Amino acid sequence: MINYISIISSWSVPIIIALFLSYAIIKKVEVYNVFTEGASEGLKTCVNIFPYLLAMILAINLFRASGAMELLVKLFNPIISWLNVPEEVVPLLFLRPLSGSGSLSYTAQIIKDYGPDSYIGKLASTIQGSTETTFYIIAVYFGAVGIKKYRYAVIVGIIADVAGFFAAVFICGILF
């Protein structure tokens with residue numbers, strides 16, 4: 001059974017591409033010209049979002065290197081410990097809205113240290129799936145399409161991240 005899944009998995013992408021090419025040929029679309037036009041648009045998009053991405057990466061590195069994240073964790077620690085949230089997962093509350101890859105590496109470190117079946121590992125994984133990279137989305141996607149008025153999106157995104165964090169804590173507290 002695993003061999004069939006492996007074979008299907010390795011052939012699925014080439015088959016899908018062949019299906020799209022066949023459909024384009026049937027519809028008499030100039031595939032090469034459309035492909036190069038799309039690649040050109042993609043390159044323009046990359047160039048347009050690069051300054052926003054660079055600013056976001058710089059801000060995240062400054063946030064972590066300055067010790068501001070540890071300060072926020074210590075500031076919220078009395079409330080967090082009153083809610084029985086393990087101290088190890090609290091940095092995810094501040095890191096996840098900033099960086100998906102940063103929070104993923106932090107979650108991987110938690111799982112490595114405590115194990116995937118531990119309460120802290122399950123909680124960190126649930127938080128990872130329950131929250132979003134709000135500031136990354138606003139910086140990159142809003143910047144790419146030129147949205148300048150994003151104040152309410154930031155507020156709603158942060159509220160959703162905090163709600164997702166505490167919902168993950170609540171659900172994991174019930175289930176695990």
Side-chain angles (χ1 to χ4, degrees), residues 1-50 52-54 56-57 60-61 64 85-86 88-145 153 156-176:
M1 182 67 177
I2 293 176
N3 283 338
Y4 292 121
I5 293 172
S6 177
I7 290 170
I8 291 170
S9 167
S10 62
W11 280 97
S12 62
V13 172
I15 289 173
I16 289 172
I17 291 172
L19 288 174
F20 280 123
L21 288 175
S22 301
Y23 183 75
I25 290 170
I26 291 170
K27 289 290 186 179
K28 298 184 180 174
V29 174
E30 294 181 27
V31 176
Y32 184 74
N33 290 339
V34 171
F35 175 78
T36 55
E37 187 177 307
S40 175
E41 290 291 322
L43 191 60
K44 287 176 188 171
T45 302
C46 287
V47 169
N48 285 340
I49 67 170
F50 181 74
Y52 301 102
L53 194 59
L54 182 64
M56 190 69 207
I57 291 170
I60 291 168
N61 286 333
R64 292 179 74 183
V85 177
E88 293 83 0
V89 299
V90 175
L92 284 174
L93 177 64
F94 304 108
L95 193 58
R96 179 68 176 150
L98 293 173
S99 169
S101 59
S103 64
L104 185 61
S105 69
Y106 187 78
T107 301
Q109 187 63 43
I110 287 175
I111 290 172
K112 182 180 175 188
D113 291 345
Y114 297 97
D117 292 330
S118 67
Y119 174 71
I120 292 175
K122 290 177 182 175
L123 179 59
S125 299
T126 307
I127 290 169
Q128 185 76 20
S130 303
T131 54
E132 187 53 70
T133 56
T134 302
F135 289 103
Y136 178 82
I137 289 171
I138 289 170
V140 174
Y141 298 134
F142 282 31
V145 294
V156 170
I158 291 172
I159 290 170
D161 285 333
V162 170
F165 180 86
F166 286 110
V169 170
F170 178 72
I171 296 296
C172 286
I174 291 172
L175 293 177
F176 308 118

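If you're wondering where the values come from, they're calculated on a predicted model, not measured in any experiment.
Among all heavy-atom pairs drawn from Leu123 and Val169, the shortest one is CD1-CA, 3.6 Å. Minimum interatomic distance between Phe166 and Val85 (heavy atoms only, all atoms of both residues): CE2-CG2, 4.4 Å. Taking all atoms of both residues into account, the shortest heavy-atom contact from Asp117 to Lys122 is O-CE, 3.5 Å. Contact between Thr107 and Ser125 at its shortest, heavy atoms only, is CG2-N, 4.2 Å.
Here the CD1-OG1 distance, from Ile159 to Thr134, works out to 10.5 Å after rounding to the nearest 0.5 Å. Atom CD of Glu41 and atom CG of Asn48 lie 9.5 Å apart (nearest 0.5 Å). To the nearest 0.5 Å, atom OH of residue Tyr114 and atom OH of residue Tyr119 are 13.5 Å apart. Taking CD of Glu88 as the start and CD1 of Ile110 as the end, the distance is 7.5 Å to the nearest 0.5 Å.
Looking only at side-chain heavy atoms (C-beta outward), Ile171 and Thr126 stay at 4.5 Å or farther from each other.
When atom types are taken as modelled, the side chain of Ser118 and the backbone of Gly121 share a donor-acceptor pair closer than 3.5 angstrom.
Counting non-hydrogen atoms of neighbouring residues, nucleotides and ligands closer than 6.0 angstrom, the CD atom of Glu37 reaches no more than 12 such neighbours.
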Show the atom names and distances, to 0.1 Å, of all donor-acceptor pairs under 3.5 Å that link a side chain in residues 6-23 to residues at least two apart or in another chain.
from: Ser10; atom 1: OG; to: Ser6; atom 2: O; distance (Å): 3.2
from: Ser10; atom 1: OG; to: Ile7; atom 2: O; distance (Å): 3.0
from: Ser12; atom 1: OG; to: Ser9; atom 2: O; distance (Å): 3.1
from: Ser22; atom 1: OG; to: Ala18; atom 2: O; distance (Å): 2.8

Compile the donor-acceptor pairs under 3.5 Å between side chains in residues 28-36 and protein atoms, sequence neighbours left out, one pair per line.
from: Glu30; atom 1: OE1; to: Asn33; atom 2: ND2; distance (Å): 2.4
from: Thr36; atom 1: OG1; to: Tyr32; atom 2: O; distance (Å): 3.2
from: Thr36; atom 1: OG1; to: Asn33; atom 2: O; distance (Å): 3.0

Show which side-chain atoms of residues 90-103 pair as donor or acceptor with protein atoms under 3.5 Å away, not counting sequence neighbours.
from: Arg96; atom 1: NE; to: Gln128; atom 2: O; distance (Å): 3.4
from: Arg96; atom 1: NE; to: Thr131; atom 2: O; distance (Å): 3.4
from: Arg96; atom 1: NE; to: Thr131; atom 2: OG1; distance (Å): 3.2
from: Arg96; atom 1: NH2; to: Gln128; atom 2: O; distance (Å): 3.1
from: Arg96; atom 1: NH2; to: Thr131; atom 2: O; distance (Å): 3.1
from: Ser99; atom 1: OG; to: Gly102; atom 2: N; distance (Å): 2.8
from: Ser103; atom 1: OG; to: Ser99; atom 2: O; distance (Å): 3.0
from: Ser103; atom 1: OG; to: Gly100; atom 2: O; distance (Å): 3.0
from: Ser103; atom 1: OG; to: Gln128; atom 2: OE1; distance (Å): 3.4
from: Ser103; atom 1: OG; to: Gln128; atom 2: NE2; distance (Å): 3.3

